[in-house]
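Below is one structure; the comments refer to it alone.
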Amino acid sequence: MEYQNILVETKEKVGLITLNRPKALNALNDQLMDELGFALKAFDKDEAIACIVITGSEKAFAAGADIGAMANYTYMDAYKNDYITRNWEQIRQIRKPVIAAVAGYALGGGCELAMMCDFIIAAENAKFGQPEIKLGTLPGAGGTQRLPRAISKSKAMDMCLTARMMDAVEAERAGLVSRIVPLEKLLEETLAAANTIAAMSLPIIMMVKDSVNRAYETTLSEGVQYERRLFHSSFGTDDQKEGMKAFMEKRPANFTNK
Ligand code: CAA
């Protein structure tokens with residue numbers, strides 16, 4: 001696929017996707033989301049890639065779904081064609097870790113996209129919000145569902161009902177982002193985190209992601225049972241043998257993804 005709205009690069013074992021509609025603050029139209037889905041799936045299939053990073057510009061990760069594109073949609077356009085959000089949940093099908101590196105605005109669909117990633121590293125200037133209510137609509141890509149799980153019902157209600165933005169410090173305090181870094185170091189620090197992950201065993205990385213995500217889909221006892229099955233299955237890998245042997249021999253592990 002030829003990309004018009006994103007940039008796609010490989011940095012060692014990390015796939016880097018940069019949202020690239022600077023004139024529209026990376027507003028997310030269907031074309032961009034099709035490209036993003038395609039690029040994510042290609043990295044997921046690529047055996048040389050172990051982790052994926054999605055980022056935007058210094059001013060905006062993404063300022064939401066493209067308001068100009070959807071302003072005149074009718075209910076039938078939106079419903080029949082599943083416009084705006086038709087392939088968003090594809091991001092959740094990616095089995096390798098996806099990190100959002102967020103600088104500037106992550107609003108509406110931009111905040112929802114960041115929340116669909118596995119974790120968020122924020123620059124000091126990051127601003128998160130669900131301002132759809134000001135447009136006479138509501139979050140349509142999981143905001144009303146993922147925000148309460150990420151930051152509590154009270155803060156989620158506050159943000160979705162008042163449309164106020166949350167800065168990086170508040171977002172970290174609330175648990176929405178995992179860490180805050182200086183703006184000029186956002187990509188460097190995020191790639192460092194991605195490379196740390198990429199140095200682990202790929203099948204185990206995928207099991208960890210799978211197991212943590214179960215926590216959002218099931219009960220505690222079912223989730224613990226799921227984790228235990230994966231934990232036991234890790235003993236069927238060469239990498240578990242190598243990891244534990246390397247520890248006992250006081251040397252770095254040399255994982256082979258088997
Ligand atoms: N869609 C389309 N275009 C957008 C956009 C969006 N979501 N956000 C910004 N732009 C465009 C602006 O129209 C403007 O284009 P022009 O130069 O051609 O006029 C350009 O990006 C720069 O934006 P501003 O001039 O507004 O920049 P600013 O610095 O003054 O303000 C901002 C920045 C506060 C982010 C402001 O642009 C803004 O409020 N944007 C809209 C945010 C929003 O409401 N997002 C939710 C969208 S709905 C949604 O996402 C639904 C869903 O859940 C899936």
Side-chain angles (χ1 to χ4, degrees), residues 4-7 17-37 40 54-94 98 100-117 120 122-151 153 155-171 176-177 183 186 216:
Q4 313 284 337
N5 299 283
I6 60 173
L7 304 172
I17 300 172
T18 305
L19 309 178
N20 189 35
R21 292 189 73 210
K23 287 188 187 146
L25 301 185
N26 294 331
L28 305 165
N29 59 19
D30 284 336
Q31 291 83 350
L32 187 153
M33 293 308 294
D34 287 345
E35 292 177 20
L36 181 61
L40 284 166
I54 302 178
T55 195
S57 69
E58 289 193 357
K59 183 162 182 195
F61 177 73
D66 191 317
I67 300 167
M70 66 183 158
N72 293 319
Y73 284 163
T74 63
Y75 170 70
M76 273 304 142
D77 291 331
Y79 183 79
K80 280 200 298 195
N81 303 303
D82 199 11
Y83 278 155
I84 314 152
T85 49
R86 68 171 173 230
N87 56 18
W88 285 58
E89 291 296 321
Q90 284 184 50
I91 299 163
R92 300 302 309 156
Q93 311 303 319
I94 302 302
V98 183
V102 174
Y105 297 110
L107 302 179
C111 185
E112 292 166 309
L113 172 62
M115 286 193 287
M116 273 186 253
C117 296
I120 302 173
E124 286 160 340
N125 74 339
K127 284 192 186 305
F128 299 86
Q130 297 290 163
E132 289 90 342
I133 197 165
K134 288 205 288 187
L135 301 170
T137 186
L138 61 150
T144 64
Q145 303 305 301
R146 292 199 172 91
L147 211 50
R149 285 167 167 82
I151 66 172
K153 175 186 165 190
K155 262 190 193 292
M157 283 286 192
D158 179 359
M159 290 184 65
C160 293
L161 289 171
T162 68
R164 81 174 174 88
M165 292 185 211
M166 195 181 253
D167 67 16
V169 172
E170 186 180 2
L176 183 62
V177 312
L183 175 58
L186 177 64
Y216 287 91

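Atoms within each ligand, like the ligands themselves, are counted from 1 in listed order. The analysis underlying the following values was restricted to heavy atoms, covering all of them including side chains, and did not include hydrogens, waters or symmetry mates. Quantities reported herein were computed from a predicted structural model and do not represent experimental measurements.
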Going by atom types only, do Glu35 and Asn5 share a side-chain donor-acceptor pair under 3.5 Å? yes
Any side-chain heavy-atom pair from Gln90 and Leu40 closer than 4.5 angstrom? no
Salt-bridge present (Glu89, Arg146; N to O < 4.0 Å): yes
Report each N/O pair between ligand 1 and the protein that falls under 3.5 Å, naming both atoms.
residue	atom	partner	partner atom	Å
ligand 1	1 (N)	Ala65	O	3.4
ligand 1	1 (N)	Ile67	N	2.9
ligand 1	7 (N)	Ala63	O	3.0
ligand 1	7 (N)	Ala65	O	3.0
ligand 1	21 (O)	Lys23	O	3.3
ligand 1	29 (O)	Lys59	NZ	2.8
ligand 1	45 (N)	Ala63	O	2.9
ligand 1	50 (O)	Ala65	N	2.8
ligand 1	50 (O)	Gly109	N	2.7
ligand 1	53 (O)	Glu112	OE1	2.7
ligand 1	53 (O)	Glu132	OE2	2.7
ligand 1	53 (O)	Gly140	N	3.0

Can you check side chain to side chain contact (heavy atoms under 4.5 Å, CB included) on Thr137 and Met70, steps first, answer last? CA-CA 11 Å; Thr137 186; Met70 66 183 158; 5.9 Å; no
Flag the pair Arg86 / Asp34 as yes when at least one side-chain heavy-atom distance between them is below 4.5 Å, and no otherwise. yes
For Tyr73, what residues pass the ring-ring contact (aromatic ring centres under 6.0 Å, His included) criterion, not counting sequence neighbours? Tyr83
